[in-house]
Structures are given as structure tokens and as C-alpha cells.
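Following: one structure in C-alpha cells, then a few remarks.
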Amino acid sequence: MKKLLIGFCAMALALTGFSQKLGHVDSAALLEAMPERAALEAEYQKHAGDLETYLTSLQTEFQTLYADYQQNAATWPEPVLQAKQKELTDKESQIGQFQQTAAQELQVKEAELLQPLIDKAKKAIEDVGAENGYTYVFDSSIGVLLYQGGDDLLPIVKTKLGIAN
């Protein structure tokens with residue numbers, strides 16, 4: 001019996017040595033709380049607005065061409081009619097290509113603007129994890145966390161970044 005008790009104690013001590021400190025952070029909430037986020041959002045919105053303005057001008061050009069086509073198509077000679085139809089199709093194609101390019105450009109711009117913020121948040125999370133002896137820190141914002149045990153490090157990381165809780 002004494003050997004069994006000693007065995008249990010040895011096993012308990014061994015398991016204690018393997019214990020790990022777990023924490024979690026809602027990175028989406030952290031990024032949202034960072035003060036730099038507002039300036040980045042404003043810059044993104046300005047860029048999106050510039051693209052939208054250009055798209056509107058293309059659409060206005062198309063509408064003007066189309067109205068002219070509808071009004072005068074019956075009186076134009078065949079070569080003019082074909083040239084105007086081609087002009088309309090080309091303008092419509094230009095609008096479609098611009099929309100695709102603009103959507104891709106906005107994705108790139110968003111990633112470009114957010115990367116320094118993400119890097120800053122990541123470093124703060126890593127620093128807090130190291131300073132407080134955490135073995136693992138999970139991101140609870142991406143829905144992978146199956147059990148929310150451990151410590152919520154969001155308040156500590158916010159403090160590290162100088163963000164009010």
C-alpha cells in the first residue's frame with residue numbers, strides 16, 4: 001500500500017512538471033480596440049471612395065453613350081451604328097474589369113493597412129504570454145477554441161498596448 005501511495009505521489013509530481021499554463025485572447029476584439037484602427041479605417045474608406053468615384057464616372061459615361069445610342073440609332077448609317085455598339089460594349093467591359101480590379105485592390109489595401117496593426121498585436125500577445133509564463137495562448141475569435149479554460153489575456157494585452165479596458 002505504501003508503495004502504491006508513493007507511486008501516486010511520484011506520478012502527481014511528474015504530472016505537475018508537465019502542467020501547462022493556457023490562455024486565450026479575442027484578437028478581433030483586440031484589433032477593434034486599438035486606437036490606430038480608426039485612422040486605418042479612414043484611410044481605407046478614402047481609398048474605397050476614390051475607386052467608387054471613378055466607377056461612377058465610368059457608369060455615367062456608359063449611360064450617356066447609351067442614351068445617345070437610343071436617341072439616334074435609327075438615323076445613323078450602319079458603320080456609325082456598329083461603331084457606337086462597339087463603343088457601348090467596350091465601355092461595359094471596361095466597367096466590369098474595373099470592378100474586378102478595384103475589389104482586388106481593396107483587399108490588398110486592407111491587408112497592407114492592417115499588417116502593422118496585426119504585427120503589433122501579435123507582439124504584445126507574445127510578450128504577455130512570455131512575461132506571464134503561458135505555454136499556449138489561443139485565439140478565441142476564430143472559433144477554434146473548443147473549451148474556454150485558461151486565462152483571458154485580452155485585458156492584460158490591452159494594458160500592454162496602452163488601451164483602456
Side-chain angles (χ1 to χ4, degrees), residues 22-131 134 136-148 150-165:
L22 306 177
H24 59 90
V25 173
D26 183 341
S27 65
L30 177 62
L31 290 174
E32 226 19 73
M34 294 175 79
E36 304 97 313
R37 177 72 182 214
L40 297 178
E41 184 68 29
E43 187 175 341
Y44 176 82
Q45 290 302 328
K46 182 191 177 323
H47 190 71
D50 292 345
L51 294 173
E52 183 68 33
T53 298
Y54 184 72
L55 177 61
T56 301
S57 73
L58 289 176
Q59 290 170 333
T60 301
E61 289 174 27
F62 177 81
Q63 290 168 351
T64 302
L65 290 171
Y66 187 68
D68 182 43
Y69 176 83
Q70 283 185 317
Q71 187 175 6
N72 299 313
T75 63
W76 287 331
E78 187 61 29
V80 173
L81 185 62
Q82 288 177 357
K84 293 292 185 174
Q85 288 172 342
K86 182 172 180 349
E87 190 177 8
L88 280 169
T89 337
D90 290 348
K91 185 58 73 178
E92 191 173 36
S93 176
Q94 182 185 10
I95 290 170
Q97 287 177 334
F98 179 77
Q99 287 174 319
Q100 286 179 334
T101 304
Q104 291 169 348
E105 166 68 22
L106 284 174
Q107 287 178 335
V108 168
K109 185 69 170 178
E110 181 179 36
E112 174 188 304
L113 290 171
L114 284 178
Q115 194 58 53
L117 199 64
I118 291 169
D119 292 344
K120 183 178 179 180
K122 184 178 182 227
K123 179 165 179 4
I125 292 167
E126 289 171 354
D127 290 349
V128 165
E131 291 166 6
Y134 285 91
Y136 296 100
V137 178
F138 297 95
D139 185 352
S140 59
S141 70
I142 58 175
V144 178
L145 196 60
L146 299 176
Y147 172 73
Q148 191 160 332
D151 299 325
D152 183 4
L153 302 181
L154 183 59
I156 301 169
V157 175
K158 280 182 167 182
T159 301
K160 176 107 180 142
L161 290 171
I163 301 170
N165 286 322

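Position 1 is the first residue of the sequence; numbering continues from there.
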For the residue pair [X] and [Y], what are the closest heavy atoms and their distance?
X    : Y    : value
P35  : I163 : CD-CG1, 3.8 Å
L65  : E87  : CD2-OE2, 3.4 Å
L154 : D152 : N-OD1, 3.1 Å
L30  : A121 : CD2-CB, 3.7 Å
L88  : F62  : O-CE1, 3.5 Å

Report, one line per pair, each donor and acceptor closer than 3.5 Å where one atom sits in a side chain of residues 76-83; sequence neighbours left out.
residue	atom	partner	partner atom	Å
E78	OE2	Q82	NE2	3.1

Point to revise | Pair H24-L153, side-chain contact (heavy atoms from CB on, under 4.5 Å): steps then yes or no | key: CA-CA 6 Å; H24 59 90; L153 302 181; over 6 Å; no

Give, for atom [atom1] of [X] and atom [atom2] of [Y], the distance between the pair rounded to the nearest 0.5 Å.
X    : Y    : atom1 : atom2 : result
R37  : L113 : CZ    : CG    : 10.0 Å
I125 : L161 : CD1   : CG    : 8.5 Å
D50  : E52  : CG    : CD    : 10.5 Å
T101 : L55  : OG1   : CG    : 11.5 Å

Please tell me if the side chains of [X] and [Y] come closer than 4.5 Å, counting only heavy atoms from C-beta onward.
X    : Y    : value
M34  : L31  : yes
N72  : T75  : yes
K84  : D68  : yes
D119 : L117 : no
E110 : Q107 : no

Could you check whether [Y] and [X], counting side-chain N and O atoms only, form a donor-acceptor pair closer than 3.5 Å?
X    : Y    : answer
D90  : Q94  : no
Q104 : Q100 : no
D139 : S27  : yes

Exercise for review: Apply salt bridge (Lys or Arg N to Asp or Glu O under 4.0 Å) to K109 and E105, showing your working.
Suggested key: CA-CA 6 Å; K109 185 69 170 178; E105 166 68 22; 5.9 Å; no

Point to revise | Audit row: L22, F138, side-chain contact (heavy atoms from CB on, under 4.5 Å) steps and yes/no | key: CA-CA 8 Å; L22 306 177; F138 297 95; 4.1 Å; yes

Check your understanding: Y136: what forms a ring-ring contact (aromatic ring centres under 6.0 Å, His included) with it, not counting sequence neighbours?
Key ->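 Applying ring-ring contact (aromatic ring centres under 6.0 Å, His included) to Y136 gives none.
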
Practice item. Could I get the full list of ring-ring contact (aromatic ring centres under 6.0 Å, His included) partners for Y54, not counting sequence neighbours? Key: F98

Check your understanding: Run the side-chain hydrogen bond (donor to acceptor under 3.5 Å, both in side chains) check on Q59 and Q63 step by step: do they pass?
Key -> CA-CA 6 Å; Q59 290 170 333; Q63 290 168 351; over 6 Å; no

Review point. Are the charged groups of D127 and K123 less than 4.0 angstrom apart, N to O?
Key: yes

Practice item. May I ask you to decide whether E43 forms a salt bridge with K46, counting only side-chain N to carboxylate O separations under 4.0 Å? Key: no

Review point. Is S93 reaching over with its side chain to a backbone N or O of T89, donor-acceptor style, under 3.5 angstrom?
Key: no

Check your understanding: Can Y44 and L106 be said to form a side-chain contact (heavy atoms from CB on, under 4.5 Å), step by step?
Key -> CA-CA 8 Å; Y44 176 82; L106 284 174; 3.7 Å; yes

